[in-house]
Amino acid sequence: MLQFIRSELNRFGNDQRGSIAIIFAFCLIMLLLICGLALDFGRAVHAKSRIMASLDAAALSAAKGLRLQNLTDAQTIALAKKYFDENYNASGAKTKGTHAQINNVQVDVDRSKFEVKITIDAEVKNFFGPLAGVDKFDVPTTGAAIFEQQDIEVAVQLDVTGSMGGQKIADLKTATKTLVDTLIPDSPGTQKVRIGYAPFAAGVNAGSYASNIVFGSSAPDNCVYERLGTQHQDSDIAPSGQASLKTKDDLPSAMNCPSAQILPLTDNKTLLKTTIDTYNAGGCTAGHLGTAWSWYLLSPNWASIWPAASKPDAYNNTGVKKVAILMTDGEYNTVSGVGCNSSTAVTSGNFAKDTCAAMKAKGIIVYTVGFELTATSAIDVMNNCASDSGKAYMAENGAQLQAAFKDIADSINRLRLTS
């Protein structure tokens with residue numbers, strides 16, 4: 001009997017049937033555990049993204065309040081926490097199963113930079129992790145918003161050519177006033193914002209400044225065109241000698257300038273709005289001149305031309321942001337003010353592109369706005385001149401033109417996110 005028991009035990013010990021099933025069971029458990037941890041980790045990543053979005057919005061709102069409303073540190077901190085709670089709860093994180101437990105919200109305020117920094121200490125409880133001894137994932141998150149302490153200089157190229165007549169010039173006036181209202185609020189802060197206009201048609205009406213930028217003292221009708229020396233066409237060199245601008249004495253066949261005169265940089269909101277109201281439409285489209293004059297208004301090389309309050313700051317001044325907004329409704333179709341001829345579109349367009357490239361090389365941010373553009377060459381110039389694709393706007397009607405100008409103004413004013 002004892003021998004029989006020993007024999008059966010030996011036979012059981014040597015029996016390997018069913019071992020695969022046992023190994024598979026252990027592997028399946030491990031695979032399920034890994035998948036569960038992956039799901040838990042995904043929930044944590046999702047929660048972090050929602051926290052980050054809410055944090056950014058809160059930092060932006062608090063920094064704006066700090067800068068524009070002169071909130072105390074305590075008020076700024078309270079505002080940041082309030083906006084974070086409201087944005088995070090509104091994101092649906094709780095109802096969508098990605099809710100993190102917020103353990104602490106730390107808000108730091110740096111008044112010297114108008115910076116608000118928010119640090120969130122949060123965690124997401126795991127569903128499957130505890131099986132592997134991982135009860136939670138920590139999701140600490142930090143973000144900050146700074147209100148840039150930069151003065152702003154904005155030059156606006158305004159198309160006042162014949163095709164802009166009627167409702168279109170009215171739409172342009174409305175859009176420009178929206179730009180002015182957004183950039184220069186009724187109760188401005190310490191940040192200085194100055195705006196200048198560069199209206200153009202076949203030439204540019206330089207107004208009382210014409211006599212200082214031409215060779216000699218003659219500038220019939222205050223009308224100016226390209227540089228005397230073509231080598232200076234895409235340059236912001238001061239206007240003297242061959243860098244002076246041509247007049248009708250140099251171009252007897254040139255068409256007249258628009259009645260709309262250039263307006264140097266100013267922070268006078270009333271002047272900006274009343275000036276745009278005086279602009280009328282007429283003439284051909286020397287868009288490259290409008291682009292060049294946008295640059296002249298911003299160029300420190302032209303500072304001696306403008307009155308003291310309109311002198312542009314130096315290019316290397318990190319406390320100043322220089323912006324050009326180039327608006328047109330058609331193909332650039334004249335050079336030297338001679339006829340509305342589409343055959344000159346390439347030349348005028350290339351002049352404009354070269355000028356834009358030179359402006360951008362100086363650190364000027366360029367936005368472009370095409371108004372009911374259909375010509376491929378015109379669209380190409382607008383896209384090429386913009387600092388990037390996000391700064392090239394196309395408007396199909398007055399409402400879209402106003403929205404484009406408002407969006408550009410908001411972009412210029414926007415708080416800068418930092419990490």
Side-chain angles (χ1 to χ4, degrees), residues 154-183 195-205 223 255-263 271-294 297 323-334 337 339-342 344-345 348-349 352 356 366-386 391-410:
V154 182
V156 190
Q157 167 189 302
L158 295 169
D159 189 331
V160 292
T161 59
S163 58
M164 281 294 297
Q167 184 59 45
K168 292 177 77 173
I169 193 70
D171 291 336
L172 179 59
K173 291 176 181 181
T174 299
T176 305
K177 290 177 184 178
T178 296
L179 178 84
V180 171
D181 284 334
T182 305
L183 289 176
I195 302 172
Y197 296 153
F200 73 93
V204 172
N205 188 334
C223 195
M255 292 178 292
N256 293 330
C257 278
S259 60
Q261 298 183 11
I262 60 101
L263 178 66
L271 177 62
L272 286 161
K273 297 175 81 169
T274 55
T275 297
I276 190 67
D277 274 336
T278 67
Y279 287 179
N280 297 308
C284 297
T285 311
H288 62 289
L289 294 182
T291 301
W293 274 86
S294 296
L297 294 176
V323 179
I325 303 172
L326 311 180
M327 174 271 162
T328 187
D329 81 323
E331 183 179 54
Y332 295 173
N333 59 19
T334 187
C340 303
N341 191 339
S342 61
T344 63
S348 180
C356 286
V366 180
Y367 292 85
T368 61
V369 182
F371 188 21
E372 297 185 15
L373 288 186
T374 57
T376 302
S377 63
I379 295 172
D380 176 63
V381 171
M382 292 290 96
N383 289 335
N384 185 280
C385 274
K391 293 180 175 61
Y393 292 76
M394 293 295 163
E396 298 301 325
N397 53 52
Q400 290 183 14
L401 182 68
Q402 184 177 6
F405 272 50
K406 177 65 165 62
D407 194 64
I408 291 171
D410 287 339

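Being a predicted model, the structure only gives us computed values, none of them experimental.
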Those residues at least two apart in sequence (or on a different chain) that pass side-chain contact (heavy atoms from CB on, under 4.5 Å) with Ala392 are Thr368, Asn383, Ala386
Determine the minimum heavy-atom distance between [X] and [Y], stating which atoms define it.
X	Y	result
Ala201	Gly282	CB-O, 3.4 Å
Val160	Pro199	CG2-CB, 4.1 Å
Ala202	Ala286	O-CB, 3.5 Å
Ala352	Cys385	O-SG, 3.7 Å

Gln157 side chain to Ile325 backbone, donor-acceptor under 3.5 Å
no
Look only at the side chain of Thr344 and the backbone of Asn333, and say whether a donor-acceptor pair between them is shorter than 3.5 Å.
yes
Test of understanding: with side chain to side chain donor-acceptor pair (under 3.5 Å), list the residues that count as partners of [X], not counting sequence neighbours.
X	value
Thr334	none
Asp329	Ser163, Lys168
Tyr197	none
Asn205	none

Kindly determine whether Leu263 and Leu271 satisfy side chain to side chain contact (heavy atoms under 4.5 Å, CB included), including the steps that lead there.
CA-CA 9 Å; Leu263 178 66; Leu271 177 62; 4.0 Å; yes
Side-chain heavy-atom pair [X], [Y] within 4.5 angstrom cut-off:
X	Y	value
Ile408	Val369	yes
Cys340	Thr161	no
Ser294	Val156	no

Under the salt bridge (charged side-chain N to carboxylate O under 4.0 Å, His left out) rule, collect the residues that match up with Lys406, sequence neighbours excluded.
Asp410
Sorted by chain and number, sequence neighbours left out, salt bridge (charged side-chain N to carboxylate O under 4.0 Å, His left out) with Asp159 holds for none
Tell me the side chain to side chain donor-acceptor pair (under 3.5 Å) pairs involving residues 274-285, sequence neighbours left out?
Lys177-Asp277
List the atom pairs, donor and acceptor, that lie under 3.5 Å between side-chain atoms in residues 370-380 and the rest of the protein, sequence neighbours left out.
residue : atom : partner : partner atom : Å
Ser377  : OG   : Glu331  : OE2          : 2.6
Asp380  : OD2  : Lys353  : NZ           : 2.4

Applying side chain to side chain contact (heavy atoms under 4.5 Å, CB included) to Ile276 and Leu158, what does each step give before you reach the verdict?
CA-CA 10 Å; Ile276 190 67; Leu158 295 169; 3.7 Å; yes
What is the distance from atom [atom1] of [X] to atom [atom2] of [Y], rounded to the nearest 0.5 Å?
X	Y	atom1	atom2	value
Met382	Cys356	CE	SG	7.0 Å
Leu183	Phe405	CG	CZ	11.0 Å
Tyr332	Thr291	OH	OG1	4.5 Å

Kindly list each side-chain donor-acceptor pair under 3.5 angstrom involving residues 395-403, sequence neighbours excluded, with atom names and distances?
residue : atom : partner : partner atom : Å
Asn397  : OD1  : Ala399  : N            : 3.2
Asn397  : OD1  : Gln400  : N            : 2.8
Gln400  : OE1  : Glu396  : N            : 2.8
Gln402  : NE2  : Thr178  : OG1          : 3.0

Please determine whether side chain to side chain contact (heavy atoms under 4.5 Å, CB included) holds for the pair Phe200 and Thr328, giving the CA-CA distance in whole Å, both sets of side-chain angles, and the decisive distance to 0.1 Å.
CA-CA 10 Å; Phe200 73 93; Thr328 187; 4.2 Å; yes
